[in-house]
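Structure record follows, encoded as structure tokens.
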Amino acid sequence: MDTAPYSEPYKIKVVEQIKQISREERAQKIREAHYNLFLLHAEDVYVDLLTDSGTGAMSDRQWGALMEGDESYAGSRSFFAMKTAINDILGLPHVLPTHQGRAAENVLFSALIKEGDVIPGNSHFDTTKGHIEFRKASAVDCTIAQSKDPSLNHPFKGNVDLMALEQCIAQHGAGRIPMVIITITCNSGGGQPVSLENIRAVAEITKKHGIPLIFDAARFAENAYFIKTRESGCDNLTIREICHEMFTCADGCTMSSKKDAIVNMGGFIALRSEELFQACSVFNIIYEGYITYGGMSGRDMAALARGLYEGTEFDYLHSRISQTAYLGKRLVEEGIPVLHPFGGHAIYVNALEFLPHIPQEQFPAQVLGVELYIEGGVRGVEIGTVLADRDPVTRENRPPNMELLRLAIPRRVYTNNHMEVVVWALKKVWQRREQLKGLSLTFEAPIMRHFTAHFTPVSS
Ligand code: F0G
């Protein structure tokens, strides 16, 4: 079939200059940063794929909305614009703004989670898990077994294993389970979506046991795109219709608006129950700010309202997810092992296959991230043993099943030429992979160590 190539449904009005420092300078900079990519100055990075969070490019209409932001402390017009967009797209009536996603988790969990509780879900994101464990509760991963095989092609690797969920509820009792969390798409599992069928089946289980079902909705629109393009019977639905179908199953959500709402800062909680909304409002006021701004400027809420509509347009999602797939396809062509299928927001390089001679306790995905930076000024992020952290009780490292370098693509920021730079640089690392050595930790924080850890190359 002769189909036209896709292209971005926008043109570029403003540009920001970036420049590439020399390879020698990069080797020096990463040494000074203790081999931790978070500790680099962003100016020393050429193509920054550390995260797709808060790094997107706003549209002219979003910038226009900023000027119209209402900075009133209470009852801001921009809050109501944001609330209307959330009501409209997610169908959830009660809204609390927060300054970002983890703040939404902090507020909601303060109202719902107590010591000894159990929260099942599909590979909880690290801040979600952090907020659960901080409250001396535990996160139980009920993702389907297929998610653990990086080369297996399955359209919905973020799905919840329904048997595992039922077993978890039977083992702990619904009374100790204040919520079930589904992360859409599943970031820790490789940017993998959850099917509508699976969401509905989970909702049936949670309803039966009277347990609230909460979405971690950071990338809900990308999840809807995958449902439309992969799930049978859904191709005729619009993205917004699919969003509506997904959220009909939920009792509420936490949202990091820095992802699919395409703003640089912001988040929210949206809830069905007024009672829970009242309970959360108390914590929102203590931790975030008044209930109609919760840590956000009026202008940011105005941009968020607009971003939610833009982020749920099919053409935008198609171009974004096709760019991620472009990078994945090019890496596969070069023989580089990546996780399949390609994620929505990121490509995950399989470090265990890339560097089989480096044991997990020497952080192969971190090594790969460091080398990719030295080679091309490209910054990714480790999703492996460093991120998985120590067990809060035994203080032992808890190496995960997969050791990945995530290359997350900011929204509407880079061109496919930038993706070619990433491919070129990773190919250079691939060619000298056998000479690479592991890293060892010289400093680590007691929780969430990956942000600030220091490393040194192992000597042998
Ligand atoms: N949930 C998911 C699925 C996330 O990916 C993130 C953040 C959060 C919650 C927390 O939101 O950053 O606004 O507080 N993910 C970023 C990332 C940091 O790089 O994947 P936040």
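Numbering of ligands and ligand atoms starts at 1, following listing order.
- In terms of protein heavy-atom proximity, atom 21 (P) of ligand 1 is closest to Gln100 NE2, 3.3 Å.
- The side-chain heavy atoms of Phe455 and Val370, taken from C-beta on, include no pair separated by under 4.5 Å.
- Here's the thing with Thr127: none of its N/O atoms is less than 3.5 angstrom from an N/O atom of ligand 1.
- Each of Tyr73, Phe268, Phe79 was checked for a ring pair (Phe, Tyr, Trp, His ring centres under 6.0 Å) with Tyr293, and the lone residue meeting it is Tyr73.
- Contact annotation: for Lys258 versus ligand 1, heavy atoms closer than 4.0 Å belong to the side chain alone.
- None of Leu308, Val95, Asn87 except one satisfies the side-chain contact (heavy atoms from CB on, under 4.5 Å) rule with Met82; the exception is Val95.
- Not a single heavy atom of His345 sits closer than 4.0 Å to an atom of ligand 1.
- Heavy atoms of Met255 found under 4.0 angstrom from ligand 1: none, in either backbone or side chain.
- Polar contact check, Arg406 against ligand 1: a nitrogen or oxygen pair lies under 3.5 Å apart.
- Looking at Leu66 and Asp300, their side chains come closer than 4.5 Å, going by heavy atoms from C-beta outward.
- Where the criterion is an N or O separation shorter than 3.5 Å, residue side chain and backbone included, Thr183 fails it with respect to ligand 1.
- One finds a salt bridge joining Glu222 and Arg320 here, because a Lys/Arg side-chain nitrogen approaches an Asp/Glu carboxylate oxygen to under 4.0 Å.
- Note on ring orientation: taking the six-membered ring where Trp is involved, the planes of Phe443 and His454 are tilted (angle from 30° to 60°).
- The single protein non-hydrogen atom nearest to atom 13 (O) of ligand 1 is Ser256 OG, 2.6 Å, given as residue, atom name and distance.
- Looking from atom 8 (C) of ligand 1 to the surrounding protein, the closest heavy atom is Phe125 CD2, 3.4 Å.
- In this structure, the side chains of Tyr287 and Thr98 stay at 4.5 Å or more apart for every pair of heavy atoms.
- If you check which protein heavy atom lies closest to atom 16 (C) of ligand 1, you get Lys259 NZ, 3.3 Å.
- Checking only distances, Gly101 does come within under 3.5 Å of ligand 1, N or O to N or O.
- For the residues Thr254, Ile383, Asn187, the heavy atom positioned nearest atom 5 (O) of ligand 1 is part of Asn187.
- In terms of N/O distances under 3.5 Å, ligand 1 is not approached by Asp52.
- Ring pair Phe247/Phe215 is perpendicular by interplanar angle, where above 60° counts as perpendicular and below 30° as parallel.
- With respect to atom 2 (C) of ligand 1, the closest heavy atom belonging to the protein is Asp216 OD2, 3.4 Å.
- Put simply, the side chain of Gln362 does not reach to within 4.5 Å of the side chain of Val367, judged on heavy atoms.
- Closest protein heavy atom to atom 12 (O) of ligand 1: Arg102 NH2, 2.9 Å.
- Using cut-offs of 30° and 60° on the angle between ring planes, the pair His340 and Phe342 is tilted.
- Near Glu105, meaning under 4.0 Å from any of its heavy atoms, are these atoms of ligand 1: 9 (C).
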